[in-house]
2 protein chains.
Amino acid sequence: MAGSGTPRATQAERRARSRNALLEAAARGLSRYGYGNLVLAKVAAEAGYTRGALYHLFAGKEELALAVVEWVDETWTAEVGRPAAAEADPVGALLALARGHAVYCRRDVARVMRTLHAEFAGQDHPVGRAIGGIVERLVAQAAERIAAGRASGALPPGPPPRDTALAYIGTLEGLVSSVAGRVPHDVELTERAVRGLLGLPSGGGPEHGAAEAEGQSGSGSSPRR
Amino acid sequence: MAGSGTPRATQAERRARSRNALLEAAARGLSRYGYGNLVLAKVAAEAGYTRGALYHLFAGKEELALAVVEWVDETWTAEVGRPAAAEADPVGALLALARGHAVYCRRDVARVMRTLHAEFAGQDHPVGRAIGGIVERLVAQAAERIAAGRASGALPPGPPPRDTALAYIGTLEGLVSSVAGRVPHDVELTERAVRGLLGLPSGGGPEHGAAEAEGQSGSGSSPRR
DNA sequence: TAACCTACGTACATGCATGTACGTAACTGA
DNA sequence: TCAGTTACGTACATGCATGTACGTAGGTTA
C-alpha cells in the first residue's frame, strides 16, 4: 500500500495484480452483459490492459469465465456459506444464508451467478456446467436442511424438500437481484420471503404461536430417516 | 389447422401462419439462449423456414425480439394480469397474480421475460427498454396494491411499497424459473413466498380457502435414507 | 391467360470478436 | 552486465452472424 507508484514489483506481484484486476473486470462484465455479450477487449481495457495481457493470463474466454465463477464461489462460500453453516440448527442456517446472500449481493459483482445461471440454463456448456454444479450443491444442501428442520418439528410440513429447496434458491436469485442495494430493506424482504416459503411465522413481529395443528395422518410426505 | 396438406392458402393466411411459427420459435430460442446468443438461422430452421422468410416478415433481429416481447406481454396480460385484476381487493389480486404467474410459467416460452430482463438489466438497448417498461409497469401496479392493502389494514406494515413490490416481482421471476413445471408445488411455493413477503400468515388462515388439493408428489425424489 | 404482387430461398458483402503469432519492455539470476 | 525468462502490446487470420440483393415459386386480380 505504501509504495507510491509501485516502482518496483516482482514478477509474481505483477502477475497477481494483473490477474486480479482482469478477474474483477471480467466479473463486472459478466454480471452486466453475460457470457455471450462479453467482449474481452472491453474487459481488458476496463482493467487497464489489452487483450494481450488477458490471453497471457488466461487460455481464453471460457477459462476466464470459469476462473471468475470459481472466484465468486470462493468469496461467496467464505462470506455467506461458511457463516451460515456455523449456525447450530438447520433452520437458522437457512435464514442466515438468506440474509447473508442479500448482503453479499449488494456488490454488483455478485449478480454474475444469477446472470450466468440464467444464460446457461438447460445448455451444454462448460461454464454452464460449473454454475449448475454450484447451484445443485446449494439446492441439495438446502433440501437437507429443510428435511432436517421438518423432521425436528422446527418447520411445518410442505412440498417435497427438493422442490422447496429449488424455490428457496430461485427466490434468493431473483429477489436479491431486484432489490440489491436497497439497503436496509433487502435483508428484511429476503428473510420475509424465505420464512414464508418455509412456513415460518414472520420474524420481526410478535411471536405468532404457529397455530398449525396438523395431524400427521397419511397426508403429506413425511421425511423418514 | 389440420387442412390436409393445406393445398390452398390465401396470402394473409400464409403470412400469419409463418409469422406465428417464427414468433414461437423465436420465443423458445430467446428464453433458452437469450438475445445475444440467439441465431436467426436456427430460429428460422426450427420454424421450418430460412432466414429469408424471417427477414421478409421482420425488419431484423431487434424487431423480431420486440415482437416476441409484445406477444408474450399480451398473452401474459390476458392469462395472468387480467384475471388477477378482476380480484376485488388488492391483496387478493397480488396473490392471484402470483399463482397465475406460476401456472403461466409452466410453458418454457414464459421464461423469455426473465431471461431478457436479466440480460438487459442496466443496459441501453431497445429490447431492454421494452422489457424494462413492462416490468416497471408491473412493479408500479404491485406497489399500489401493496400500499392500498396496508392502508386498509389487510396487510401489516413493512418496507416501502416500492421496495416490497420490487421484491415481489423479483421473487416471481426467480422462484418460478426454478420450480417451473414442478406441478403442483410450483403454485403453492410461489404463494408461500409471496405471503411471507407481504406479511400474511400462511395459507391455512380463516379466509381464502387455498383449496390446493394435495397432489401426489410423484416426482421421484431421491430416496435418501 | 396475362400481369402483378407476395412469400420465401439463395448468394454475397460486411462487421465484429475470438484466437494466434510475434515484437518489445520489464524483471531475474549469474 | 548479459543472457534468459516473464509480462504485455500489436498486428494478422479466421469464423460466424447479421443484413442485403436478387431470383423463383405461388397466389391474386383483370
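Just so you know, these numbers use all the heavy atoms, side chains as well, and skip hydrogens, waters and symmetry mates.
- When the C1' atom of dA7(D) is taken as reference, atom CZ of Arg15(A) falls 9 Å away, rounded to whole Å.
- With salt bridges taken as basic N to acidic carboxylate O contacts below 4.0 Å, one links Glu173(B) and Arg114(A).
- A straight line from CG of Asn20(B) to P of dA7(C) spans 15 Å, rounded to a whole angstrom.
- Note on Ser18(A): a side-chain N or O is less than 4.0 Å away from OP1 or OP2 of dC8(D).
- Summarising the geometry, the separation between CD on Gln11(A) and C1' on dT5(D) is reported as 8 Å, rounded to the nearest angstrom.
- Using a 4.0 Å cutoff on non-hydrogen atoms, the parts of residues 24-56 of chain B near DNA chain D are Leu38(B), Val39(B), Leu40(B), Arg51(B), Tyr55(B), ordered by number.
- Separating the CZ atom of Arg17(B) from the P atom of dA7(C) is a distance of 13 Å, rounded to the nearest angstrom.
- For the atom pair CZ of Arg32(A) and OG1 of Thr115(A), the computed distance is 11.0 Å after rounding to the nearest 0.5 Å.
- Counting to the nearest Å, the P atom of dT20(D) and the CZ atom of Phe58(B) are 16 Å from each other.
- Between Glu144(A) and Arg137(A) there is no salt bridge, since no side-chain N of the basic residue sits under 4.0 Å from a carboxylate O of the acidic one.
- Listed pair Arg14(B) / dA7(C) fails the phosphate criterion, with no side-chain N or O lying under 4.0 Å from OP1 or OP2.
- Glu62(B) has its CD atom 16 Å from the C1' atom of dA17(D), to the nearest Å.
- Between Arg107(A) and Glu79(A) there is a salt bridge, since at least one side-chain N of the basic residue sits less than 4.0 Å from a carboxylate O of the acidic one.
- Here Thr10(B) reaches the OP1 or OP2 of dT28(D): one of its side-chain N or O atoms lies under 4.0 Å away.
- We find that Lys42(B) and Glu46(B) are not joined by a salt bridge, their nearest charged nitrogen and carboxylate oxygen being 4.0 Å or further apart.
- Taking 4.0 Å as the cut-off between side-chain N and carboxylate O, Glu119(B) and Arg111(A) do not count as a salt-bridged pair.
- Rounded to an integer number of Å, the gap from Lys61(A) NZ to dC16(D) C1' is 13 Å.
- Rounded to an integer number of Å, the gap from Leu22(A) CG to dC8(D) C1' is 11 Å.
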